[in-house]
Amino acid sequence: MCEVVFPPCPFSLTHGSLTEQAKGDRPSHSASIGRTVPHALLEIRNLSYSLGGRAILRDISLDVREGETVVLLGRSGSGKTTLLKTVNELIAATSGTIRFEGRLAAEWDPIHLRRRMGYVIQDGGLFPHWTVEANVALVPRLAAWPPQRIAHRVEELLTAVGLAPAEFRGRYPRRLSGGEKQRVGIARALAADPPLLLFDEPFAALDPITRLDLQRLFLELRRSVRKTALFVTHDIREAMMLASRIALLKDGALDLLAEPREFRAADTPEARAFLAGLEQNGSAENWSQDEQRPRL
Amino acid sequence: MNSDLASEMLSLSLEHLAMVAIAIAIAGAIALPAGVLLSRRPGPRRWAVGFANIAQTIPSLALFGFLVPLPLIGGIGKRTAIVALCLYALLPILRNTLLGITGVDASVRESAVAMGMTARQILWQVELPLAAPSIVAGLRLATVATIGTATIAAAIGGGGLGVFIFRGISMVDAPTVLAGALPAAAMALLADGGLEWIERKLSPA
């Protein structure tokens with residue numbers, strides 16, 4: 001059951017050992033004991049989800065702390081997207097709890113909860129009948145910001161994701177390339193400055209060069225806006241490049257939770273299977289070096 | 001004599017138009033909300049579309065005949081004609097409303113939910129605008145078909161341009177038939193063109 005592996009981890013100190021209080025303990029206990037520290041931004045506890053008698057998620061416990069990027073890595077069907085969707089209640093978990101900003105998800109109004117989580121999906125999910133500006137402005141508009149503030153925010157965001165506002169503001173999504181759509185999607189997710197960003201394989205359908213551009217943009221934005229993110233991918237290179245920590249899922253269960261460097265040395269069969277894909281090309285390492293991750 | 005014909009053509013055309021307009025308005029008032037509701041329920045959807053399909057397959061002359069003896073909605077005259085025309089108009093409007101709404105890209109709907117839009121906001125700001133071209137296409141199909149079918153209303157005393165057609169048939173007088181058929185055809189073409197224009201306007205830029 002509780003095969004969550006917390007490898008002996010020197011890095012955890014740099015993140016603050018307090019939030020790692022239950023290391024080595026069983027996840028089911030970790031929620032209840034020694035809670036003298038502030039909650040992590042997102043706390044997932046013993047989360048399970050089954051559909052038609054089939055278990056999709058099995059007893060998953062995971063914290064996402066302020067400022068970090070947790071990458072959910074796994075094969076197709078491993079449950080990583082399902083797990084992401086339980087966080088913003090697109091899917092209701094069968095059992096277990098999720099706590100966001102210290103409050104149980106069940107206590108949140110789902111509409112309000114979702115507006116505090118940006119969401120970026122594979123093909124952008126842009127509204128085809130709205131201009132880029134209207135798409136980016138959505139959440140601020142729902143939150144009834146004054147029009148001037150919205151216009152200013154849109155301009156700021158388009159610039160931040162590398163799209164010239166004058167050129168792109170009035171365009172419709174069908175006149176955007178795949179990479180441009182994803183940039184708009186990211187701008188839309190950031191619009192109302194939500195504390196948590198959810199990414200569901202956002203770059204999977206892009207060509208390799210555009211993908212690399214977008215991955216760099218992601219790192220750049222994280223440096224500038226200090227966002228917390230939960231990021232789903234099946235691409236080990238992407239995981240290595242972007243993650244503060246990698247949560248490896250296998251058949252709906254958490255197989256391994258480790259920082260990229262520890263992940264390299266991990267010895268679960270599933271981790272080895274993913275690492276085999278990495279060995280063909282070591283270039284990802286250079287990218288993770290770029291990161292200003294605290295190191296020993 | 002000629003001006004008599006002209007004024008009769010005008011008044012029957014207006015009568016025809018009114019009948020069609022009322023029938024389409026009622027059918028739309030039923031089929032549009034029904035389409036929206038049924039787009040959320042795949043189970044009842046099959047029954048409703050099945051019913052509308054069956055209504056569509058009844059030969060129109062026979063349907064007018066069936067309705068005449070019925071209480072409330074039956075009898076001789078316009079009311080019965082309008083009921084029959086409504087039944088015919090339901091299917092294209094219902095089907096196209098359903099197609100339009102269920103055809104909204106799943107990723108678009110998912111984004112809308114995930115961005116924190118309420119169900120009502122999603123319906124009015126996302127689903128209906130995206131479905132609008134399809135819905136108008138349904139109205140167009142229904143209107144054009146109804147303009148043609150409404151000529152049969154004259155058979156049960158409903159009036160309209162069918163009056164000329166039935167009179168021409170009984171007198172074996174082609175020009176009288178044309179006096180009914182040509183305005184009806186012109187009306188159908190105009191409705192088709194006008195609604196097609198609206199449909200194009202509503203399509204995403």
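In what follows, chains carry the letters A, B, and so on, assigned in the order in which the sequence lines appear, proteins first and then strands, with residues in each chain numbered from 1.
Each of A:Val139, A:Leu90, A:Asn88 has some count of heavy-atom pairs under 4.5 Å with chain B, and the biggest count is that of A:Leu90.
A salt bridge does not link A:Lys85 with A:Glu89: none of the charged nitrogens is closer than 4.0 Å to a carboxylate oxygen.
Within the 4.5 angstrom heavy-atom criterion, only side-chain atoms of B:Gln121, from C-beta onward, approach chain A. For chain B, the nearby part of A:Arg141 is the side chain; its heavy atoms alone come within less than 4.5 Å. A:Leu113 does not touch chain B: none of its heavy atoms, backbone or side chain, sits under 4.5 Å away. Contact annotation for A:Ile111: both backbone and side-chain heavy atoms come within less than 4.5 Å of a heavy atom of chain B. In this structure, no portion of B:Ala106 lies under 4.5 Å from any heavy atom of chain A.
Stacking of A:Arg103 on the aromatic ring of A:Trp108 is recorded, both the 6.0 Å distance cut-off and the 45° axial limit being met.
Classification of the A:Phe127-A:His129 ring pair by plane angle, with boundaries at 30° and 60°, yields perpendicular.
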So B:Ile147 and B:His16, side chain to side chain contact (heavy atoms under 4.5 Å, CB included) or not? Walk me through it.
CA-CA 8 Å; B:Ile147 289 171; B:His16 198 90; 4.1 Å; yes

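We find the CG-OG1 distance between A:Leu73 and A:Thr233 to be 6.5 Å, quoted to the nearest 0.5 Å.
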